[in-house]
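A quick write-up on the structure given underneath.
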Amino acid sequence: MAEKKTATKKPATKKTAAKNTTAKKTGGNNALAQPVTVSSDLEAVIGKGPLTRAEVTSKVWEYIKKHDLQAKDDRRMIEPDGKLGGVIGSEKISMFKMTAAVSKHLS
């Protein structure tokens, strides 16, 4: 009877470990970590830029929660007020589509 070989994980080398640590610290090539400029409409909602895309998303959600703009019956839907309506439109919008609408105001 032949014995089965079990796969063993190789330990990370110093070079690999250093590379992984550096990428985590700097954000690597992550698009969310790159600074973007915001339009004047979006600036009225979240403040002055430049900000990273992650910060923009976070600040938009802060604004939504602070002004209680989530629909009562379905929290995934956003009911924009006047300021946010200038960015995403005045109609009720899904939080998933909201990100695409906000992206149009970034450069």
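Bear in mind the structure is a predicted one, so any value in this text is a computation, not a measurement.
- Proximity of Trp61 to Ile78: side-chain heavy atoms (C-beta onward) are separated by under 4.5 Å at one or more points.
- Under a 3.5 Å cut-off, the side chain of His105 and the backbone N or O of Val87 do form a donor-acceptor pair.
- Note that NZ of Lys104 and CD1 of Ile88 are 11.5 Å apart. Values are rounded to the nearest 0.5 Å.
- For residues 50-68, every residue pair satisfying the salt bridge (charged side-chain N to carboxylate O under 4.0 Å, His left out) rule, not counting sequence neighbours, is listed here: Asp68-Lys72.
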Trace of the side-chain contact (heavy atoms from CB on, under 4.5 Å) decision for Val60 with Met98: CA-CA 10 Å; Val60 168; Met98 181 192 66; 4.1 Å; yes
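- Of the residues listed (Ile64, Ile46, Leu42), the one engaging Leu84 in a side-chain contact (heavy atoms from CB on, under 4.5 Å) is Ile64, and it is the only one.
- In this structure, the side chains of Leu69 and Asp81 come closer than 4.5 Å at one or more pairs of heavy atoms.
- Nearest heavy-atom pair across Lys83 and Ala44 is NZ-O, 3.5 Å.
- Of all heavy-atom pairs between Thr37 and Ser107, the closest is OG1-OG, 2.7 Å.
- Using modelled atom types, no side-chain atom of Ser94 and backbone atom of Met77 make a donor-acceptor pair closer than 3.5 Å.
- Once rounded to the nearest 0.5 Å, the distance linking CE of Met95 with CZ of Arg76 reads 7.0 Å.
- Scanning both residues, Gly47 and Val38, for their nearest heavy atoms gives O-CG2, 4.1 Å.
- The two atoms that bring Val36 and Thr52 nearest to each other are CG2-C, 4.4 Å, heavy atoms only.
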